[in-house]
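The figures that follow rest on heavy atoms only: side chains count, while hydrogens, waters and symmetry mates do not. Below, chains carry the letters A, B, ... as their sequence lines are ordered, and counting in each starts from 1.
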Number of protein chains: 2
Amino acid sequence: MEAKTAATIFEVLASEPRLSIFRLLVKYAPDGLVAGEIARMLDIPKTNLSFHLKTIVHSGLASMEREGRNTRYKANIPLMLETVAYLTTECCSGNPELCLSFRAESGVAPEFLPSRCEDRKP
Amino acid sequence: MEAKTAATIFEVLASEPRLSIFRLLVKYAPDGLVAGEIARMLDIPKTNLSFHLKTIVHSGLASMEREGRNTRYKANIPLMLETVAYLTTECCSGNPELCLSFRAESGVAPEFLPSRCEDRKP
DNA sequence: ATGATTATTCAATAACTATTGAACAATAGC
DNA sequence: GCTATTGTTCAATAGTTATTGAATAATCAT
């Protein structure tokens, strides 16, 4: 993943309304939700919701498709995983042993941490 | 990690200059770099660099310490790992099987993907 | 002390992002 | 065809973030 792409994705996740929208889409994956449902669930005015959804779709983190008069939005989970991988790669590149030692100290449960980045091949 | 904290961190990573700075600090972990070195390496005016470094430090993604007339900045790798964990959790919450299947299909090498999120306990 | 080096703060401006109500377009049901 | 429903686009405004040069502070070397 290129840095520019990554920055665009982080820009989406950097706004609280957008992060909420995305989390909701992940929760309702793989079917997703239509705009009206999102607006109701998060209590965001529809016009502002459209604005944010446009940004999210533009980043690639969600897809949209028309369904009659509704528009259905679905989270792009592979792209989210690629983003996770990007951050992990940043961590490991050049510093595998560091990554390993920090993982051991961090208070985060092991099953939520990236695995085996310290084993990767150069 | 709270959503608000995550949003702050994503805000840091959402700007290209800041993402470059952070990547550089990760690359030079654990010793970090002093401001002047960063400015030279990335060709960012020092006054603008200060501005961005302040944001990064405020988010917690880097620490700063004076060294004579230099200021040394170091990446906070554990916080980056927590952020990775947060994204992973978002992905998996409610959808472990989905996460698993997408991981299998994704073109990303397994050692760069979050592991065993599908095994986590509720 | 003086001058050179390093980095931050300040102030001004530029650029961008968010929010909202009103207008508009498209579809569905009668 | 009309009306209600669903969503998007537009325009105006508000708010926030980025960038820069000039001024300032702190340290080091002589």
Inset, instruction - With side-chain contact (heavy atoms from CB on, under 4.5 Å) as the test, would you mind laying out the steps for A:L61 and A:L25 before giving the verdict? - result: CA-CA 10 Å; A:L61 272 180; A:L25 290 178; over 6 Å; no
Inset, instruction - Compute the bend angle of the helix from C:dA1-D:dT30 to C:dC30-D:dG1 from the end axes (five pairs per end), rounded to 10°. - result: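 Its terminal axes enclose an angle near 30°.
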Inset, instruction - Tell me, yes or no, whether the heavy-atom count around A:E2 atom CD, taken from other residues, nucleotides or ligands under 6.0 Å, exceeds 12. - result: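 Count not over threshold, so no.
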Just to be sure I understand the rule, does [X] reach a base, reach only the sugar-phosphate, or reach nothing, if contact means heavy atoms closer than 4.0 Å?
{"X": "A:E16", "result": "nothing"}
{"X": "B:R40", "result": "nothing"}
{"X": "B:E37", "result": "nothing"}

Legend entry - Spacing of A:L19 atom CG and B:K4 atom NZ [to the nearest 0.5 Å]: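 Between atom CG of A:L19 and atom NZ of B:K4 there are 13.5 Å.
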Nucleotide [N], atom [atom2] - distance to [atom1] of [X] in whole Å:
{"X": "B:I56", "N": "D:dA18", "atom1": "CD1", "atom2": "P", "value": "11 Å"}
{"X": "A:H58", "N": "D:dT9", "atom1": "NE2", "atom2": "P", "value": "13 Å"}
{"X": "A:L19", "N": "C:dT17", "atom1": "CG", "atom2": "P", "value": "18 Å"}
{"X": "B:L13", "N": "D:dT17", "atom1": "CG", "atom2": "P", "value": "15 Å"}
{"X": "A:I21", "N": "C:dA18", "atom1": "CD1", "atom2": "C1'", "value": "12 Å"}

Testing the basics here: between [X] and [Y], what is the closest heavy-atom pair and its distance to 0.1 Å?
{"X": "A:K74", "Y": "A:G32", "value": "CG-CA, 4.1 Å"}
{"X": "A:A35", "Y": "A:L53", "value": "CB-CD1, 4.3 Å"}
{"X": "A:T55", "Y": "A:V12", "value": "O-CG2, 3.9 Å"}
{"X": "A:I56", "Y": "A:A62", "value": "CG2-CB, 3.6 Å"}
{"X": "B:A29", "Y": "B:I77", "value": "CB-CD1, 3.7 Å"}

Legend entry - Carboxylate-amine/guanidinium proximity below 4.0 Å for B:R72 and B:E65: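 Judged by the 4.0 Å cut-off on N to carboxylate O distance, B:R72 and B:E65 do not form a salt bridge.
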Legend entry - Salt bridge A:R18-A:E11, side-chain N to carboxylate O under 4.0 Å: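 Looking at A:E11 together with A:R18, the answer is no, because their closest N to O distance does not fall below 4.0 Å.
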Legend entry - Side-chain touch A:L87/A:F10, heavy atoms, less than 4.5 angstrom: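 A side-chain contact under 4.5 Å exists here.
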Legend entry - Positions of residues 44-54 of chain A (non-hydrogen atom under 4.0 Å from DNA chain C), listed by number: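 DNA chain C contact set from residues 44-54 of chain A: A:P45, A:T47, A:N48, A:F51, A:H52.
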Legend entry - Close approaches to DNA chain D from residues 60-74 of chain B, in residue order (heavy atom, under 4.0 Å):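 The stretch gives B:G68, B:R69 as the residues lying under 4.0 Å from the strand, ordered by number.
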